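The structure under discussion appears below in the form of structure tokens.
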Amino acid sequence: MKKIQMVDLRSQYDKIKNEIDNAIHAVIESSAFINGPEVKNFQQDLEKYLGVKHVIPCANGTDALQVSMMALGLKPGDEVIAPSFTFVATAEVIALLGLTPVLVDVDADTFNIDPKAIERAITPKTKAIVPVHLFGQCADIDAIMEIASKHKLYVIEDVAQAIGADYTMKDGSKKKAGTIGHVGCTSFFPSKNLGCYGDGGAIFTNDDKLAEEIRIVVNHGMKVRYYHDSIGVNSRLDSMQAAILRVKLKHLDEYAAARNKAATYYDNAFKSNPKLKVPVRFNKSNHVFHQYTLVTNGIDRNKLPEYLQEKGIPAMIYYPVPMHLQKAYQDPRYKEKDFPVSESLAKSVISLPMHTELDEEQLKHITSSVLEFIEKN
Ligand SMILES: Cc1ncc(COP(=O)(O)O)c(C=O)c1O
């Protein structure tokens, strides 16, 4: 059996080796390493794929979030609402900019920010909401947009884990995750559904003025060369990564289908086991399975990764500690039991290998090993 990995980038590369090698070689031949034509080409390809007016590439997903908040003119003291159960980047940039992170609980089925919890957390200082489309499935963005419009708030979608997912709007039309809020932010970290071979990120918006502001912020606060009207940052996607992403973007939908095939295999093996809850599909979004995350109950979850490891199966806990209980984000406003869903998920979730190259032999070994652990414990 082929070695099982959380993410098998090597086998994925083998299938597109010629395309990737040619793309990289062309960039080297051109020597246009920074802001070369491939960056613009990728930007246009992604705009077309997402159906969004502006894509602004940047250096990584964390920068995408930070730049968006800077471009929206958020100021110290402004409150920004974010989920407690997420990857740290979301809360980190809020704190880093001197804004006030206001954490809220998530939905037990979808793991995504709970719109009712958002509404309860709004104060006169609230300026923005950052829904994270966690593990590959959209948060209830229509409901969030309604709340935002009622309270005149910005919505910054964190789509790092769900690029390519479709959300079904109230009127039945479908929109790509990250193109519904005022601004969408993504990461091209190698293990992401659309990952490059290094760091990368992008910001999406349909707002012309905001797009211009974002382009200024990512480029040292500069519109005219060497004239700096505001304090910006240096955040660029390099040409080599853009060329790689152009190739991989063409395969993104087929990659999502491969992930869904693996997820269905897992579902069928686990769905009747009372100690495992398979990922609940949200009826307003499809799932692109960045992660396949089970919720366990009545077993010692912490012993499962070790058991699987002995059988050559990696597994990860995304995420073991919710944001409000993290040392760096301790705040007198929060204490244990404040966000019961986030806390309970942190204690009970486990993510199994999920990528585009899982074969039946591997999936069989993974599922039978998980079930074996449950039987023995
Ligand atoms: C939800 C979420 N937001 C933001 C990021 C940050 O992306 P990057 O690692 O490219 O800075 C990640 C990446 O892991 C993520 O999962």
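These numbers come from a predicted model, not from an experiment. Whatever order the structure lists them in is the order used to number ligands and atoms, beginning at 1.
Looking only at heavy atoms of the protein, atom 8 (P) of ligand 1 is closest to G61 N, 3.4 Å. Distance from atom 16 (O) of ligand 1 to its nearest protein heavy atom, with residue and atom name: Q161 NE2, 2.9 Å. Protein heavy atom closest to atom 12 (C) of ligand 1, with residue, atom name and distance, is F87 CD2, 3.4 Å. With respect to atom 13 (C) of ligand 1, the closest heavy atom belonging to the protein is K192 NZ, 3.0 Å.
In this structure, E157 contributes its side chain and G181 its backbone to a donor-acceptor pair below 3.5 Å. Counting only distance, with no hydrogens or angles, the side chain of N206 and the backbone of K53 share a donor-acceptor pair below 3.5 Å.
Side-chain contact check for D140 versus K284: some heavy-atom pair is nearer than 4.5 Å.
For ligand 1, the atoms closer than 4.0 angstrom to any heavy atom of N60 are 10 (O), 11 (O). Each of the atoms 4 (C), 5 (C), 6 (C) of ligand 1 lies under 4.0 Å from some heavy atom of A89.
Nearest-heavy-atom check against atom 2 (C) of ligand 1 across D63, D158, V88 picks out D158. Proximity annotation for atom 6 (C) of ligand 1: of T62, T186, V132, T62 comes nearest, heavy atoms only.
Considering both main-chain and side-chain atoms, S187 comes within under 3.5 Å of ligand 1 through a nitrogen or oxygen pair. For ligand 1, the polar-atom distance check against Y319 finds no nitrogen or oxygen pair separated by under 3.5 Å.
Nearest heavy atom pair, residue V55 against residue R215, reads O-NH2, 4.5 Å.
Side-chain atoms of Q12 and K248 form a donor-acceptor pair, as typed in the model, at a separation below 3.5 Å. The closest side-chain donor-acceptor pair between D107 and T110 falls under 3.5 angstrom. D207 and T205 share no donor-acceptor pair across their side chains, judged by distance under 3.5 Å alone.
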